[in-house]
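For the numbers below, each heavy atom of this structure counts, side chains included, while hydrogens, waters and symmetry mates do not. Indexing begins at 1, ligand by ligand and atom by atom, following the structure's order.
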Amino acid sequence: MIVIIMGPPGSGKGTQAKCISEAHAFPHLSTGEMLRQEVSDNTPLGQEVAPFLRAGKLVPDELINRVMEHILKEESYRGVVLDGFPRTVVQAQQLSQTLQRLQLRLVLVVVLDVPEDVLVARLLRRAQQEGRSDDSPEPIRERMREYEMKTAPVIDYYRHASVRLQTIDGDAPIAEVTSRINVALEAAMAVTP
Ligand code: AMP
């Protein structure tokens, strides 16, 4: 069973994906966290993706698709909360094929909706707290641009596929957003065998 949490940078995807993953005992898979780990471990993959992360650019589809295909094949991912993937229509198409092949069901796509001024304020605050290299003004602008150009069309892709998609107001206290997602998820699981 697969749940996708989507939303622009700073919308709380990671935080919410963790809450949902703990509540339902699904593993949480964040492609951003995974890539940052590769960079900090200085692996060949980390060296390849580091310039993209630093600039706030998406890494190439072919690369992330290869990594995700491998990960989703693992038995432990029979159920998973995906955070930060898919981020392009090409990735979404590839994910659909992989899920079909592995007979995994996409139960729900959650889109977190947060006004842009709130997003920017959150990201700049996070920059001070966590020191992520892409949380400075220019990479933030680039990540927003990438989201609008490449990731927002994924929402339409899922709208046109027969996938359950729920937009949730993410400009609220964390626990309230989690509880809204949980309501949507319970409803989705109730109709999904
Ligand atoms: P995140 O932690 O989800 O904000 O991701 C941080 C960065 O990792 C992004 O700005 C991209 O450079 C890269 N990244 C994460 N997930 C993907 C993806 N699905 N496709 C391409 N790049 C990604």
Side-chain angles (χ1 to χ4, degrees), residues 2-21 27-73 77 80-99 106 109-114 116 118-158 170 177 181:
I2 307 287
V3 180
I4 294 174
I5 313 276
M6 288 185 60
S11 58
K13 291 188 303 293
T15 305
Q16 292 303 330
K18 275 193 193 90
C19 295
I20 300 303
S21 133
H28 163 211
L29 183 62
S30 156
T31 44
E33 268 176 27
M34 188 187 72
L35 295 173
R36 276 189 292 281
Q37 189 61 49
E38 297 282 337
V39 172
S40 89
D41 293 347
N42 202 23
T43 62
L45 175 62
Q47 290 172 10
E48 200 177 339
V49 300
F52 292 95
L53 267 73
R54 242 191 334 266
K57 291 238 168 242
L58 294 185
V59 309
D61 286 331
E62 181 276 320
L63 191 152
I64 194 86
N65 278 343
R66 192 160 24 94
V67 173
M68 287 304 290
E69 167 105 32
H70 177 73
I71 289 176
L72 285 167
K73 260 191 204 138
Y77 290 105
V80 63
V81 183
L82 289 180
D83 153 19
F85 181 88
R87 256 181 156 106
T88 66
V89 171
V90 170
Q91 293 178 19
Q93 287 165 335
Q94 154 103 15
L95 179 64
S96 300
Q97 284 171 16
T98 304
L99 296 185
L106 176 52
V109 178
V110 172
V111 182
L112 294 173
D113 184 30
V114 178
E116 189 167 334
V118 177
L119 294 173
V120 174
R122 282 186 187 177
L123 289 169
L124 291 173
R125 202 166 48 238
R126 188 170 77 185
Q128 289 173 340
Q129 289 163 353
E130 295 177 19
R132 252 177 72 166
S133 68
D134 58 352
D135 277 344
S136 47
E138 185 45 38
I140 287 178
R141 266 193 295 278
E142 186 58 31
R143 284 155 66 205
M144 295 290 186
R145 271 197 295 269
E146 291 279 78
Y147 181 81
E148 281 312 316
M149 271 177 352
K150 299 179 184 166
T151 309
V154 175
I155 299 173
D156 280 332
Y157 170 85
Y158 282 125
V177 178
I181 297 176

Exercise. What protein heavy atom sits nearest atom 7 (C) of ligand 1, and how far away is it?
Worked result: L53 CG, 4.0 Å
For this session: Identify the two heavy atoms, one from M68 and one from L29, that lie closest to each other, and give their separation to 0.1 Å.
Result: CE-CD2, 3.5 Å
Seminar exercise, completed: Taken to the nearest 0.5 Å, the spacing of L63 CG from L35 CG works out to 8.0 Å
Exercise. Which of these, L124, D134, L119, sits in a side-chain contact (heavy atoms from CB on, under 4.5 Å) with I140?
Worked result: L124
Exercise. What protein heavy atom sits nearest atom 11 (C) of ligand 1, and how far away is it?
Worked result: K57 O, 3.5 Å
Problem set entry | Closest approach of any protein heavy atom to atom 2 (O) of ligand 1, naming residue and atom | R36 NH1, 2.9 Å
Problem set entry | Q91 and N65: side chain donor to acceptor below 3.5 Å | no
For this session: Examine distances only and state if a side-chain atom of E130 and a backbone atom of R126 form a donor-acceptor pair shorter than 3.5 Å.
Result: no
Exercise. Which heavy-atom pair separates Y157 from S96 by the least distance, and what is that distance?
Worked result: OH-OG, 2.9 Å
Exercise. N/O of G84 under 3.5 Å from N/O of ligand 1, yes or no?
Worked result: yes
Exercise. Tell me, which protein residue and heavy-atom name are nearest atom 13 (C) of ligand 1, and how many Å apart are they?
Worked result: L35 CD1, 3.7 Å
Seminar exercise, completed: Ranking E146, Q91, R87 by closest non-hydrogen atom to atom 4 (O) of ligand 1, top hit is R87
For this session: Quick one: look up the protein heavy atom nearest atom 16 (N) of ligand 1 and list residue, atom name and how far away it is.
Result: T31 OG1, 2.7 Å
For this session: Identify the protein heavy atom lying closest to atom 22 (N) of ligand 1, giving its residue, its atom name and the separation to 0.1 Å.
Result: V59 N, 3.0 Å
Exercise. Looking at residues at least two apart in the chain, or sitting in another chain, which of them share a side chain to side chain donor-acceptor pair (under 3.5 Å) with E142?
Worked result: K57, R145
Exercise. Quick one: nearest non-hydrogen protein atom to atom 10 (O) of ligand 1, plus distance?
Worked result: R143 CG, 4.0 Å
